[in-house]
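Right, one structure below, let's go through it.
By convention here, the first residue in the shown sequence is residue 1. None of the values given here were measured: they were computed from a predicted structure. These numbers come from the heavy atoms of this one structure, side chains and all, not from hydrogens, waters or symmetry mates.
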Amino acid sequence: MSDVLIRGRVLTFVREPAGIDDAGAYRYHEDGAVLVRNGKVADVGTYADLAKRAGSGISIADHRPNLVLPGLIDTHLHFPQTQAIASYGAQLLEWLNTYIFVEEQKFQESQHAAFIAGRFMDELLSNGTTTAVAYCSVHPESVEAFFTAAEERNMLMIGGKVMMDRNAPEALRDTPQKGYDETKHLIGKWHGRGRAHYAISPRFAITSTPEQMEMSRALVAEHPDCYVQTHLSENRDEIAFATSLYPGAQDYTDIYTSYDLLGRKTLLGHCIYMSDREISVLAETGAVGVFCPTSNLFLGSGLFDRDRFDRLGARHSVATDVGAGTSFSMLETMDEAYKVLHLQGQRLSPLNSFYMMTLGNARALDLEHRIGSLHAGADADIVILDSRAKPAMELRMQVASSLAEELFVLQTMGDDRCVAEVYVAGRPMKRGRREQAKTLIERAAALV
Ligand code: GUN
Ligand code: FE
């Protein structure tokens, strides 16, 4: 692949911002550029410097006046729920039983799984998300479809088959042994292949017997380099049910601790109704609490207490949780995150929002050397954001006077229309791909 210079207003974070004025937390080049070579970032700086060093003959993708950022990262969502977004009226357990456990049965069909996996990846890309951590269904076919679609697009994706052996319809249940064997086989096939990473995925304590939790413990011990994902303390009825199924545990978190499932690679969806003790256990083990604002509002679950996580030193990340989450857009997700925190008297600065979607989420995955920031040696996963994509945004931007204000407009008013382009390992995947497809169709038409 030949070198490309991506020109625009380059913004990348180097650490967590301490507030809205913390200019030391990021690098910003008003007329900047990213040099991409063989799918990697080779250099970042001002356009003038990089163009001089690159010499004549270099291809230039000129995205001025748009922003150039690292690709966005979503740390929790469900690929088989892509077509079940906007399912009306129920809170978590009723919603799972009424809609989700019906929808996920469709994924025993490889063809359906492949169709939705392709649409899912393209929807992520259309929203500027280049890496996501996803649950597949219980069927290995769904995992094949998921990683195949990611590989076709060369995306760095993390995912795994959910394990469930109770409190779900028979067609969605595995057994402790089957869950173990299928997971083991999928790890062997996919983990570390290209850009794929596997996540061992017992869905949550309600849908796994103690025997399946034992098998999960074995999988985690045998594959310490895989991620682990599950759900924790999302809804009061869920907590009561989960803890009733594990009477020996002192609280919901203790169920997972007692099976050695908590560590730096563990992502715990929601974590809303947590005692200080439970958050402290996350802090000690390095497990990550995943804040899913659109989902938590949609299901009427509750409000994630970010400040308490920070005070107790626990790691956290942010995610859409599609299909309880109502949008694939990380911009729309941060808009709702802002409001969820505001309701609790907590403030989320736009700098912090953009940090969270990029470097913050990369750090939560311990992948900051590869994704989430633009530095020499990083993978060239890049998003181009247009802060004037909608007429109302263009009007609002006429009176914006700082970068932080522009970022706040983007997160408050923006969506997929603001994603002008997205690069995956250096290849344009939104407009660029559409144009390539159009050219091919035109060429084919000219031949007949
Ligand atoms: N808890 C267990 N499964 C799920 C799921 O699919 N979505 C959400 N939001 N919570 C869950
Ligand atoms: Fe979820």
Side-chain angles (χ1 to χ4, degrees), residues 6-35 40-50 53 63-73 75 128 130-131 283 286 288 291 306-318 330-331 333-335 337-338 341-342 346-385 387 397 400-412 414 418:
I6 296 175
R7 183 176 188 180
R9 295 162 53 226
V10 175
L11 173 65
T12 185
F13 287 85
V14 292
R15 62 168 165 76
E16 184 175 355
I20 194 162
D21 298 321
D22 187 5
Y26 60 86
R27 302 280 174 267
Y28 175 66
H29 301 287
E30 179 75 24
D31 186 2
V34 179
L35 178 64
K40 299 268 186 195
V41 173
D43 205 353
V44 185
T46 65
Y47 173 73
D49 281 352
L50 264 65
R53 262 181 268 156
H63 290 290
R64 289 175 300 166
N66 292 338
L67 288 162
V68 178
L69 283 101
L72 309 180
I73 302 168
T75 56
T130 48
T131 285
V288 177
F291 177 20
R306 182 207 55 191
D307 281 2
R308 209 148 51 90
F309 267 69
D310 283 339
R311 188 156 29 84
L312 295 169
R315 302 166 80 207
H316 53 84
S317 67
V318 65
M330 288 303 293
L331 295 174
T333 301
M334 296 320 298
D335 179 32
Y338 175 84
L341 297 174
H342 219 18
Q346 301 178 21
R347 204 167 276 187
L348 177 61
S349 87
L351 292 184
N352 281 81
S353 284
F354 278 78
Y355 164 80
M356 286 168 79
M357 289 185 271
T358 56
L359 183 57
N361 274 355
R363 284 180 170 172
L365 302 173
D366 284 341
L367 285 176
E368 65 271 24
H369 53 295
R370 292 187 60 185
I371 57 172
S373 83
L374 299 173
H375 61 267
D379 296 353
D381 292 347
I382 296 168
V383 64
I384 310 294
L385 294 179
S387 318
M397 282 299 296
S401 58
S402 69
L403 177 63
E405 195 174 349
E406 177 177 0
L407 297 179
F408 195 55
V409 170
L410 260 174
Q411 91 172 44
T412 308
C418 300

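Surrounding CZ of R15 are more than 12 heavy atoms belonging to other residues, nucleotides or ligands, all under 6.0 Å away. Around atom NE2 of H369, more than 12 heavy atoms belonging to other residues, nucleotides or ligands sit under 6.0 Å away.
Side-chain atoms of T130 and V383, non-hydrogen and from C-beta on, never get closer than 4.5 Å to each other. The shortest distance between side-chain heavy atoms of T12 and H375 does not fall below 4.5 Å. Taking 4.5 Å as the limit, some side-chain heavy atom of T358 sits within range of a side-chain heavy atom of L72. Residues D43 and R53 form a side-chain contact, since some pair of their non-hydrogen atoms from C-beta on lies under 4.5 Å apart. The shortest distance between side-chain heavy atoms of T75 and F291 does not fall below 4.5 Å. Side-chain contact check for V318 versus M330: some heavy-atom pair is nearer than 4.5 Å. Side-chain contact check for Y338 versus Q411: some heavy-atom pair is nearer than 4.5 Å.
Residues that satisfy the side chain to side chain donor-acceptor pair (under 3.5 Å) test with R7, not counting sequence neighbours, are D31. Not counting sequence neighbours, Y355 has no partner by the ring pair (Phe, Tyr, Trp, His ring centres under 6.0 Å) test. Every ring pair (Phe, Tyr, Trp, His ring centres under 6.0 Å) that F309 has, sequence neighbours left out, goes to F304. Remark: D21 engages no residue in a side chain to side chain donor-acceptor pair (under 3.5 Å) (not counting sequence neighbours). In this view, R308 and D276, D305 satisfy the salt bridge (charged side-chain N to carboxylate O under 4.0 Å, His left out) rule, not counting sequence neighbours. Partners of E16 under the salt bridge (charged side-chain N to carboxylate O under 4.0 Å, His left out) rule, at least two apart in sequence or in another chain, do not exist in this structure.
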H316 vs D310, side-chain contact (heavy atoms from CB on, under 4.5 Å): CA-CA, chis, key distance, verdict: CA-CA 8 Å; H316 53 84; D310 283 339; 2.9 Å; yes
CA sep, side-chain torsions, deciding dist, call: N66, R9, side-chain contact (heavy atoms from CB on, under 4.5 Å): CA-CA 6 Å; N66 292 338; R9 295 162 53 226; over 6 Å; no
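When all heavy atoms are compared, the tightest approach of C418 to L331 is CB-CD1, 4.2 Å. The shortest non-hydrogen separation linking S317 to A364 is CB-CB, 3.6 Å. Across G8 and R64, no two heavy atoms sit closer than the pair CA-CG, 4.1 Å. The two residues A283 and G313 make their nearest non-hydrogen contact at CB-O, 3.5 Å. Considering all non-hydrogen atoms of both residues, V68 and L374 come closest at O-CD1, 4.0 Å. For the pair A378 and S373, the tightest heavy-atom approach, listed with the atom from each and the gap, is CB-O, 3.6 Å.
We find the CG-OG distance between L410 and S353 to be 11.0 Å, quoted to the nearest 0.5 Å. The structure places CG of L403 at 5.0 Å from OH of Y26, a figure rounded to the nearest 0.5 Å. Put simply, CD1 on I6 and OH on Y47 are 13.0 Å apart, with the number rounded to the nearest 0.5 Å. Rounded to the nearest 0.5 Å, atoms OG1 (T131) and CG (L367) are 7.5 Å apart. The CG atom of L407 sits 8.0 Å away from the CE atom of M357 when rounded to the nearest 0.5 Å. A distance of 11.5 Å separates CG of L359 from CG of L69, quoted to the nearest 0.5 Å.
No donor-acceptor pair closer than 3.5 Å links the side chain of N361 to the backbone N or O of G372. No side-chain donor-acceptor contact under 3.5 Å links R363 to the backbone of R315.
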